[in-house]
Amino acid sequence: MLDLSAPHDQQTAEALDRFYDFARRLDTHQDSISDIKLSFYCRELGGEFHFISFETRKMKNAMDLIRVNNLHMNIKNMGATGGGAHKFADVWEKELGIGMFKQDELDSLVAGMQFALSTVVGECYTFRPKQDSTTEQTTEKAESANASSHTGSGPNESEQESRDSISYSSAYPYMLVTIGTGVSVLRVDGPRQHERVSGSTIGGGTFWGLMRLLTDVESFHDSMKLAEKGDLSKVDMMVGDIYGDNSEALEKLGLAANIVASSFGKLVSKDDPSKGLTQEDLARALLSLVTNNIGQVAYLNAKLHNTPRIYFVGSFLRENMISQRRLSYAIDYWSKGEMEALFLEHEGYFGALGAFLMSQNIEKRNGGFYQWETNP
Ligand SMILES: Nc1ncnc2c1ncn2[C@@H]1O[C@H](COP(=O)(O)OP(=O)(O)O)[C@@H](O)[C@H]1O
Ligand SMILES: CC(C)(COP(=O)(O)O)[C@@H](O)C(=O)NCCC(=O)O
């Protein structure tokens, strides 16, 4: 078994000092996000994991930051995955002297996710209908109220859900939906058995790209803050806008008046489509459009592959309670309670985590972690 708790040589100790010094100051760096609350210690590996992210478009700034803080010293190779592991391999080698051990994107994703699920207590959570006012909630009371309002076809405030940590179930198969720039849908059949069965071009990049076009927000975090305050019924055509209050016809159609009939459809019928709209409303409607589409792709694939559990991961879900709650509600609603949407604390980091583990040949066997002798 890998023993990182063994005494370090001086070079390693100095490299660690540099890293911790850097990590302490990182909060103040505008181009990166240091997810301090996601750090965890792995007893079996004898070391701590820390998570820092940069947008790909800021790669040059990331490399400069690594160089000026001397973080690249003593690092010859690094596990890497995704398109960037191919696109940026040469420049990393040239500028930082670090070689990329390229790992397959989906293998890394599944390996990282399974490692976190079996190592980090409280990694997985779901949303359940709130039982009564005394029901213990783990977190997000405030988000719950915000995320539930104005959703059109989602839960409303009187139907609040509670966010509950749940223990990891190792039952296969399950669906894994990763929402990064685009969306990939995987069917996972075992620890090393998975297949990409579907995908969608309408993903986190669609939301973030259109937000940059339609509003003046400068960060994804600010997009979420805007969306929380928006009213999508000013942008989306609701079923009731088309049918009026004809409850008999709606009953026959099987749709409620307050659900969305067409995302952004209300703008067609206005002389000036932008009149009376705020950036908040646009943010909310855009978030709903992308989320609903992903939910449908996920649900239909889960139905096709007969997998009652759907794990949703990827950075699009970061601090994004609106989409998480909406996906939970939609999967439960469409499947009539037969399927469950599950979420993970380290949602955006599984590819990176898995690439590290795979590049070090670290694998879980018989309840412990092992590092195999040779690197690939
Ligand atoms: N701080 C952030 N900056 C930019 N995008 C973010 C941020 N946090 C979350 N996102 C969302 O995450 C998406 C990228 O997800 P990620 O999992 O990093 O994708 P990829 O696998 O393509 O690198 C963005 O398109 C955006 O919707
Ligand atoms: C090409 C990708 C696997 C890249 O992954 P990402 O960087 O988006 O996480 C992903 O964007 C994707 O699956 N897009 C959808 C392609 C499609 O199914 O049509």
Side-chain angles (χ1 to χ4, degrees), residues 26-27 29-38 51-59 61-62 79-88 100 102-113 116 175-187 194-215 217-228 282-284 286-291 293-294 296-298 300-301 304 311-324 326-327 343-355:
L26 201 62
D27 274 5
H29 193 273
Q30 59 180 13
D31 287 329
S32 66
I33 294 184
S34 174
D35 274 308
I36 293 167
K37 63 180 192 312
L38 293 183
F51 301 90
I52 298 165
S53 62
F54 287 84
E55 278 190 80
T56 308
R57 67 189 164 117
K58 294 179 178 163
M59 184 59 84
N61 306 24
T81 190
H86 299 269
K87 196 167 164 187
F88 299 109
M100 287 192 178
K102 300 180 190 69
Q103 308 295 328
D104 176 81
E105 179 165 356
L106 301 180
D107 289 347
S108 303
L109 173 72
V110 177
M113 173 182 155
M175 216 34 90
L176 173 56
V177 179
T178 172
I179 318 170
T181 307
V183 179
S184 283
V185 180
L186 280 70
R187 179 192 152 111
H194 50 83
E195 184 188 351
R196 186 182 187 282
V197 292
S198 185
S200 168
T201 57
I202 301 176
T206 317
F207 172 72
W208 184 213
L210 286 172
M211 276 302 290
R212 294 190 72 214
L213 185 71
L214 296 174
T215 71
V217 283
E218 291 190 353
S219 73
F220 184 81
H221 176 77
D222 290 346
S223 308
M224 291 300 129
K225 294 279 152 225
L226 274 191
E228 278 168 18
L282 287 170
R284 186 53 176 253
L286 192 52
L287 193 57
S288 154
L289 179 158
V290 171
T291 306
N293 193 69
I294 295 168
Q296 280 190 339
V297 170
L300 292 173
N301 274 290
L304 196 65
Y311 288 93
F312 288 94
V313 301
S315 299
F316 173 68
L317 296 171
R318 171 203 203 102
E319 297 179 9
N320 182 353
M321 283 302 131
I322 295 176
S323 296
Q324 294 186 23
R326 175 71 194 134
L327 288 168
F343 301 90
L344 300 164
E345 295 287 354
H346 292 83
E347 74 265 295
Y349 289 110
F350 297 128
L353 187 54

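Just so you know, ligand 1 is whichever comes first in the structure, and atom 1 is the first atom listed for that ligand. As the structure is a computational prediction, the values presented were derived from the model and not from experiment.
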message = Using a 3.5 Å cut-off on N or O atoms only, is S198 in polar contact with ligand 2?
response = no

What residue and heavy atom of the protein are closest to [atom], and at what distance?
atom                   : answer
atom 8 (O) of ligand 2 : G182 N, 2.8 Å
atom 3 (C) of ligand 2 : S184 OG, 3.6 Å
atom 6 (P) of ligand 2 : E105 OE2, 3.9 Å

Check: L186 and V197 side chains under 4.5 Å, non-hydrogen atoms =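 No, too far: nothing below the 4.5 Å cut-off.
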
key: Subset of ligand 2 atoms that lie under 4.0 Å from at least one heavy atom of R196   = 12 (C), 13 (O), 15 (C), 16 (C), 17 (C), 18 (O)

query = Going by the atom numbers of ligand 2, which of them fall below 4.0 Å from some non-hydrogen atom of T201?
reply =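 It comes down to these atoms of ligand 2: 19 (O).
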
Separation of S223 OG from N320 CG (nearest 0.5 Å) = 9.5 Å

query = Which distance, rounded to the nearest 0.5 Å, do you find between the OG1 of T181 and the CD1 of I179?
reply = 12.0 Å

key: Any donor-acceptor N/O pair, T81 side chain to G354 backbone, under 3.5 Å   =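 No, T81 side chain to G354 backbone: no donor-acceptor pair under 3.5 Å.
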
query = Are any side-chain N or O atoms of D35 and backbone N or O atoms of K37, one a donor and one an acceptor, separated by less than 3.5 Å?
reply =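 Pair absent, no side-chain N/O of D35 close to backbone of K37.
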
key: Worked verdict on S184 versus R196 for side chain to side chain donor-acceptor pair (under 3.5 Å)   = CA-CA 7 Å; S184 283; R196 186 182 187 282; 3.0 Å; yes

Non-hydrogen protein atom less than 4.0 angstrom from atom 17 (C) of ligand 2 =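 Protein heavy atom within 4.0 Å of atom 17 (C) of ligand 2: present.
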
task = Answer side chain, backbone, both or neither: which part of T178 comes under 4.0 Å from ligand 2, heavy atoms only.
result =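 Near ligand 2, T178 shows nothing, with every heavy atom at 4.0 Å or more.
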
ask   = Can you find a side-chain donor-acceptor pair between H194 and D107 that sits under 3.5 Å?
value =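 Yes, D107 and H194 have a side-chain donor paired with an acceptor closer than 3.5 Å.
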
key: Stepwise side chain to side chain contact (heavy atoms under 4.5 Å, CB included) check, R318 with I33   = CA-CA 12 Å; R318 171 203 203 102; I33 294 184; 2.7 Å; yes

ask   = So which residues, sorted by chain and number, lie with a heavy atom under 4.0 Å of ligand 1?
value = I33, E55, G180, T181, G204, G205, W208, F220, S315, F316, R318

Shortest non-hydrogen separation from V177 to A298 and the atoms involved =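 Answer, listing the atom of V177 first, then A298: CG2-CB, 3.8 Å.
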
query = Do you know the tightest heavy-atom contact between F88 and T56?
reply = CE1-CG2, 3.6 Å

task = Just go through G199, S200, G203 and tell me whose heavy atom is the nearest to atom 15 (C) of ligand 2.
result = S200

